[in-house]
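This structure is a prediction, so every number in the text was calculated from the model and none was measured. Start at 1 and go down the list; that is how both ligands and their atoms are numbered.
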Amino acid sequence: MVALENSPLFSQLAAEELRPLRAAATELRFAKGADIFKEGDTGDGVYVVKDGLVHISSLVGSNTRHVFSKINPGEIFGEMAVLENKPRSATATAAQDTVVYFIPRDTVLALVERSPRLAAELLREISARLREFNRQYISEVLQAERLSVVGRFARSIIHDLKNPLSIINLTAELAGQPDHPAESRQAGLDRIRKQVGRINELINEILEFTQGTSHTFKLTPTNYAAFVAQVADELRPDLAVRDIAIEFENAPPAVTLALNPNRLRRVWQNLAANAADAMPKRGKIIIRFAAANGEITTEFEDTGPGIAPAIANTLFEPFATHGKTHGTGLGLSICKKIIEDHRGRITARNEPGRGAIFSFSLPVAKSA
Ligand code: ADP
């Protein structure tokens, strides 16, 4: 139980300031669960909890009530509507059997005008409450964001697994029929193998993403021109099937870079796969190289529509996907991780009249 004059807000007042306050204050009792005031009520005064507990809540959506503040004995509530002369923006409810002091608006305003100390104290109180509200709000938003990331993750994995699994299921049934011609059984087996490959790729992508940098990540001095020639040869057949050509604007520099060729190959594969996804009819991947400030920059440009503005700011974040039914949103975040493990940088940009341009820079090996 806290007497009015001992509440932190009023305890600093001089005796002559306390007298009118005490005279104007009335004690009110509320049983547990009773509303002290409701959203929309007039802000006719402030309250100080003498005994009990008060919850300040507001309606979120059509029927969920969210408690955003808990007021303990000695603490004040209801001051904002009084100072602003506006209706109550929240509801105050007795969370236990509660006794409060009620001080009418006129008395509070007259006191605030007379006592700079009270005004400052009130300001401090409101500021602390806003700060607490922000803290709570931010942590709730973060939590909701985390949950939605987990949800998106689960959804995209389930989606990506379900498709190949149902194809395998159907094909296995057909291929297993003894009266089926041998070649159609063979075609079925090939289709199953391809789908198993897809599941494997997906699992590897998730493992790669969740493991972070593996202990086996090693950089070895590698001739970049030779590396590029090999990766391009590996990429060409799959891209050709989709009517996509790789074009080199200039030759890759024959310098030595500290590379993990397996990992860097993944960056090339992901960038090429994304470019191909952006050009469903046909198109070109234009690759160019530049050397400056001890770095080799590789640019991937495509002839697709460019990066959608909706995703531009979160492109390299995990699970950021846009405009694809099968996107996991992991590809570019894996690219970023790999490039950073090479002590390099990766960026993306759009330029008018051109497709997406991805650019990554890798440091030239010191001994080169
Ligand atoms: P995913 O491809 O699984 O969606 P990524 O991280 O690889 O995940 O890519 C994230 C998003 O970036 C894609 O969904 C797409 O919207 C956009 N994006 C990536 N590459 C390109 C590109 N070459 N052209 C246009 N948009 C692209």
Side-chain angles (χ1 to χ4, degrees), residues 145 148-164 195 197-212 231-232 235-236 238-249 263-288 297-341 344-361:
E145 174 66 15
S148 94
V149 164
V150 173
R152 283 207 305 270
F153 190 34
R155 259 202 313 277
S156 80
I157 292 169
I158 289 165
H159 188 104
D160 279 31
L161 280 177
K162 259 183 110 171
N163 251 332
Q195 295 309 319
R198 248 184 88 181
I199 294 177
N200 247 330
E201 260 171 44
L202 176 72
I203 290 173
N204 284 339
E205 193 150 287
I206 293 165
L207 281 181
E208 225 173 87
F209 174 74
T210 50
Q211 275 167 355
V231 184
L235 291 175
R236 267 193 200 99
D238 277 349
L239 290 170
V241 173
R242 301 170 77 171
D243 224 348
I244 291 167
I246 300 186
E247 196 178 284
F248 283 98
E249 224 171 67
R263 309 300 293 131
L264 195 65
R265 180 180 296 111
R266 192 91 175 99
V267 174
W268 279 66
Q269 286 167 343
N270 284 354
L271 293 181
N274 276 344
D277 289 345
M279 304 182 289
K281 298 244 163 68
R282 71 171 64 87
K284 249 190 321 190
I285 298 176
I286 305 148
I287 298 174
R288 62 181 75 89
T297 301
T298 306
E299 262 191 14
F300 264 68
E301 176 169 346
D302 60 52
T303 51
I307 297 150
I311 190 142
N313 290 331
T314 52
L315 212 52
F316 293 99
E317 282 176 20
F319 312 117
T321 178
H322 180 82
K324 296 189 187 184
T325 41
H326 294 294
T328 57
L330 293 178
L332 287 177
S333 70
I334 290 171
C335 288
K336 182 167 183 273
K337 177 86 181 53
I338 295 172
I339 295 295
E340 286 173 355
D341 285 343
R345 287 164 292 118
I346 182 165
T347 56
R349 65 182 199 276
N350 277 337
E351 282 192 19
R354 294 162 70 176
I357 305 172
F358 285 85
S359 172
F360 61 87
S361 303

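- At a 4.0 Å cut-off, at least one heavy atom of Phe358 sits close enough to ligand 1 to count as contact.
- Inter-residue side-chain proximity for Thr303 and Met279 is flagged as met; some heavy-atom pair is nearer than 4.5 Å.
- Arg242 has a carboxylate O that lies under 4.0 Å from a charged side-chain N of Asp277, or vice versa, which qualifies the two as a salt bridge.
- Residue-ligand proximity, Gly306 to ligand 1, at heavy-atom distances under 4.0 Å covers atoms 25 (C), 26 (N).
- Residue Ala275 places a heavy atom under 4.0 Å from ligand 1.
- Every atom of ligand 1 with a heavy atom of Ala356 under 4.0 Å away is listed here by number and element: 22 (C), 23 (N), 24 (N).
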Show your working on side-chain contact (heavy atoms from CB on, under 4.5 Å) between Lys337 and Glu340 and close with a plain yes or no. CA-CA 5 Å; Lys337 177 86 181 53; Glu340 286 173 355; 5.7 Å; no
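- Where the criterion is an N or O separation shorter than 3.5 Å, residue side chain and backbone included, Asn274 meets it with respect to ligand 1.
- Contacts of Ile311 with ligand 1, taken as heavy-atom pairs under 4.0 Å, involve the side chain alone.
- Considering only non-hydrogen protein atoms, atom 2 (O) of ligand 1 sits nearest to Lys324 NZ, 2.6 Å.
- Contact analysis puts Asp302 in contact with ligand 1, with a non-hydrogen atom separation below 4.0 angstrom.
- At least one heavy atom of Ala320 sits less than 4.0 Å from an atom of ligand 1.
- Of the candidates Glu317, His322, Met279, Glu301, His322 brings a heavy atom nearest to atom 15 (C) of ligand 1.
- Considering each of Ala276, Ser333, Gly329, Pro305, the one bringing a non-hydrogen atom nearest atom 8 (O) of ligand 1 is Gly329.
- In this comparison of Ile307, Leu332, Leu271, the heavy atom closest to atom 5 (P) of ligand 1 sits on Leu332.
- When each atom of ligand 1 is checked for a heavy atom of Leu315 under 4.0 Å away, the hits are 12 (O), 17 (C).
- The residue from Thr314, Ile357, Thr321 that puts a heavy atom closest to atom 4 (O) of ligand 1 is Thr321.
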